[in-house]
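Notes follow the structure.
Note: hydrogens, waters and symmetry copies are ignored here, and every other heavy atom, side chains too, is used.
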Amino acid sequence: MPKAKAIAAALVGASFLTIACAPLLLARETTNRPGASDARTRAQAIVTRMTLDEKIALLHGLFPPRAAGKTPNELIQAAGHIDGIPRLGVPLIRESDASLGVANQVEQRKGDTATALPSSLATAASFDPAIARAGGAMIGAEARAKRFDVLLAGGINLTRDPWNGRNFEYLGEDPLLAGRMGGAHIEGVQSNRIVSTIKHFALNAQETGRMVVDARIDEASLRESDLLAFELAIERGKPGSVMCAYNKLNGDWACENKFLLTDVLRRDWGYRGWVMSDWGAVHSSARAANAGLDQQSGQELDSEIFFDAPLRADIASGKVPMARIDDMVVRYLTGLIETGRFDAPTPASNQPIPYAAHALVAERAAEAGIVLLKNDGGILPLARTAKRVVVIGGRADVGVLSGGGSSQVRSVGGVPVEIPLSSGAAASFARVTWHNSSPLKALRAAMPWAKVTFVDGNDPAAAAAAARDADIAIVFATQWTTEAEDVPDLSLPYGQDKLIAAVAAAQPRTAVVLETGGPVTMPWLDRVPAVIEAWYPGQRGGEAIADILTGKVNPSGRLPITFPVSEAQAVRHAPVGLDTLNSLEAQAAANPANAGAYYLKSFPVDYVEGSDVGYRWYERQKQRPLFAFGYGLSYTDFTYRNPVVTGRKTLTVSFDVVNTGKRAGAEVPQVYVARDGSKTPMRLAAFTRVTLKPGEVRRVTLTAEPRILADYDVKLPGWRIAGGRYRVAIARDATDRSRMLTVKLAPSTMRP
């Protein structure tokens with residue numbers, strides 16, 4: 001067995017627990033780290049020895065691209081830098097983006113490459129926390145090898161609108177799925193004794209006007225949706241830091257929102273680490289500090305270094321008590337100590353990285369997250385009878401598409417296509433980028449018996465002619481999305497819908513492979529027998545797609561996000577605030593001397609769906625989507641037998657999962673619940689992923705998350721499970737009601 005595959009076999013085994021050990025042998029389990037109380041006590045002892053200048057220095061960090069000459073220490077061109085205090089052993093901290101790998105967006109660090117995971121949405125589609133943990137552990141290991149101490153990973157924001165430009169960085173629309181997958185990812189990153197953040201706290205649900213939008217929602221709905229996702233992820237992942245968001249929440253900036261940062265995070269959840277700002281998200285000193293912000297990140301991107309001279313003035317005037325300053329520093333040190341970073345010195349130079357083995361981790365994640373949406377007539381997997389295959393469009397001859405923004409990884413293997421942006425909010429830090437993993441080349445390698453040709457798809461008539469002469473046509477369609485911008489609609493750009501329709505009209509055996517940042521509409525769906533959602537599949541995406549198409553890998557991904565028939569089915573029918581933003585920009589241009597006053601004007605978005613996000617909204621509105629949350633097909637068949645449900649204090653469901661087909665494959669059983677007689681839509685309360693050989697039977701027992709069964713009662717305050725009868729669906733997706741049970745639960749309450 002080749003060395004890389006031998007290493008990878010150990011790294012991507014069932015437990016996924018040792019992946020970060022390969023480069024530096026520094027991965028440790030949480031049980032080997034200081035206890036939370038010990039960490040805080042130790043941090044407090046260090047702070048008592050600090051001068052005020054030393055304390056203040058830890059409360060604001062540099063943005064390296066704009067910080068030349070501001071530190072005697074080496075500045076690595078990345079997201080952030082906080083000098084240490086050598087006399088007290090406080091380490092220098094360097095921060096890097098993001099969740100998909102060690103980012104190097106516009107090649108600030110010339111020649112520095114890293115392993116690129118698939119999009120977070122693709123990882124979420126695996127419904128497998130082990131996949132999420134393995135990916136986190138791998139990118140955390142690379143971050144540490146590259147001398148970074150904090151990875152700005154852990155995006156947990158729920159998908160409320162399908163056109164959010166940053167959906168690909170997040171983990172879908174369901175709080176249980178996002179919380180469990182996000183927590184596992186964070187846990188993996190921090191197994192390397194570095195810090196992972198969790199972000200963006202909270203309700204950063206659109207990119208249009210993301211710096212000024214005022215997200216409005218009632219407390220109970222927020223607790224049952226986005227905050228629950230954060231709560232679950234923090235419980236499992238124990239991130240060293242929380243990053244507050246750009247937007248306002250119910251009138252207050254997220255980074256000076258006492259309800260979020262003090263009442264929820266610290267009081268209710270007992271969080272002990274530190275709150276860092278997003279880059280450019282700070283608007284005050286005393287208000288932010290007293291609300292619970294501990295550190296101003298990327299200070300050069302704010303209008304002022306609020307946590308230096310202004311904070312000193314607020315201390316002197318008594319607006320910010322010294323006890324709060326001490327707590328800010330204690331929380332920062334506690335996050336470093338609890339994650340193990342404080343006691344694990346950063347290497348003096350970059351360390352070797354087993355890139356070949358790590359590439360296989362990325363490939364495994366891509367395979368597990370690819371979703372087979374349609375397969376009429378079983379035209380997939382590709383059979384040996386397919387002697388002439390034409391691949392059309394999507395630049396599939398050179399690579400696979402990547403999402404844009406701060407999470408952009410310059411992947412190992414190079415960038416075959418990179419298109420700068422000439423305008424727009426993302427132009428300064430995003431480029432349209434393909435990873436060097438050609439599906440065309442991978443298909444040719446996987447199908448030596450066939451002639452596999454390529455047509456670029458720019459001319460639909462020429463593509464249709466090529467398809468007519470082939471045994472099967474595979475159309476690759478792309479939708480690029482990026483941080484800082486929402487897509488205007490859900491159609492495929494650049495006339496690709498017309499291309500697919502033309503090819504399908506010429507060739508009845510047409511398969512479509514989608515590389516998108518989220519849902520797209522499919523006006524051609526009835527004319528195409530096979531559709532695959534590959535998301536942004538990372539640096540080994542071409543190989544993963546080829547393995548799915550040829551049947552080397554049985555597809556097992558499930559949608560973590562609902563695909564609507566049209567924009568009209570969504571809660572909001574288009575991105576909110578575009579007209580408002582255009583008006584403010586026009587006013588700013590007309591009054592350049594006072595432009596900042598216009599750019600900081602806020603506008604509201606009312607989240608009228610409340611906690612009924614995604615699939616719950618569709619059920620509430622009695623709408624059937626194009627493809628439901630949790631949906632996905634396989635090349636084999638599964639059935640569920642002998643279900644038993646138990647209730648009282650805990651809702652538990654047991655049943656047999658049987659592979660009734662002829663191939664090994666993975667199934668994702670899901671349990672949805674709702675109180676009988678309630679108008680509340682059914683909620684995902686439990687899920688698992690089961691891999692079975694043909695004919696294999698496995699007994700599965702799933703226990704419902706109690707906070708999913710409950711409603712949040714602001715008067716209690718806390719979670720309240722109403723006693724009575726509950727409906728339980730053992731399902732393959734959020735609309736499946738073919739296996740319904742009922743059970744009685746006793747009334748109970750839980751703390752916030």
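- A salt bridge links Glu235 with Arg707; the closest basic N to acidic carboxylate O contact falls under 4.0 Å.
- Side chain to side chain, Arg166 and Ser406 meet the donor-acceptor criterion of an N or O pair below 3.5 Å.
- The shortest side-chain heavy-atom distance between Phe629 and Leu684 falls under the 4.5 Å cut-off.
- Asp294 has a carboxylate O that lies under 4.0 Å from a charged side-chain N of Arg266, or vice versa, which qualifies the two as a salt bridge.
- At least one side-chain heavy atom of Gln190 sits less than 4.5 Å from a side-chain heavy atom of Val195.
- Applying the ring pair (Phe, Tyr, Trp, His ring centres under 6.0 Å) rule to Phe563 yields no partners; only residues at least two apart in sequence or on another chain are considered.
- Considering all non-hydrogen atoms of both residues, Leu559 and Phe627 come closest at CD1-CB, 3.5 Å.
- Between the side chains of Glu533 and Thr516, a donor-acceptor pair is found at a separation under 3.5 Å.
- Ion pairing between Glu338 and Arg331 fails under the 4.0 Å rule for side-chain N and carboxylate O.
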N/O donor to acceptor pairs below 3.5 angstrom from side-chain atoms of residues 149-159, sequence neighbours left out:
unit_1	atom_1	unit_2	atom_2	d
Asp149	OD1	Arg341	NE	2.5
Asp149	OD1	Arg341	NH2	3.0
Asp149	OD1	Thr346	OG1	2.5
Asp149	OD2	Arg94	N	2.8
Asn157	OD1	His200	N	2.8
Asn157	OD1	His200	ND1	3.4
Asn157	ND2	His200	O	2.8
Thr159	OG1	Asn167	OD1	3.4

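- A salt bridge links Asp263 to Lys258: at least one charged side-chain nitrogen sits closer than 4.0 Å to a carboxylate oxygen.
- Atom CD of Gln670 is separated from atom CG of Asp174 by 9.5 Å, given to the nearest 0.5 angstrom.
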message: The test is side chain to side chain contact (heavy atoms under 4.5 Å, CB included); show your working for Trp274 and Leu336 and say whether it passes.
response: CA-CA 9 Å; Trp274 87 96; Leu336 297 179; 4.0 Å; yes
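- At least one side-chain heavy atom of Ile217 sits under 4.5 Å from a side-chain heavy atom of Leu249.
- Side-chain N or O atoms of Asn247 include none that pairs as donor or acceptor with a backbone N or O of Arg210 at under 3.5 Å.
- Side-chain atoms of Thr701 and Thr652, non-hydrogen and from C-beta on, do get closer than 4.5 Å to each other.
- Side-chain contact, Ser99 with Glu169: no donor N or O sits under 3.5 Å from an acceptor N or O.
- Separation of the Tyr615 and Tyr672 ring centroids falls under the 6.0 Å cut-off.
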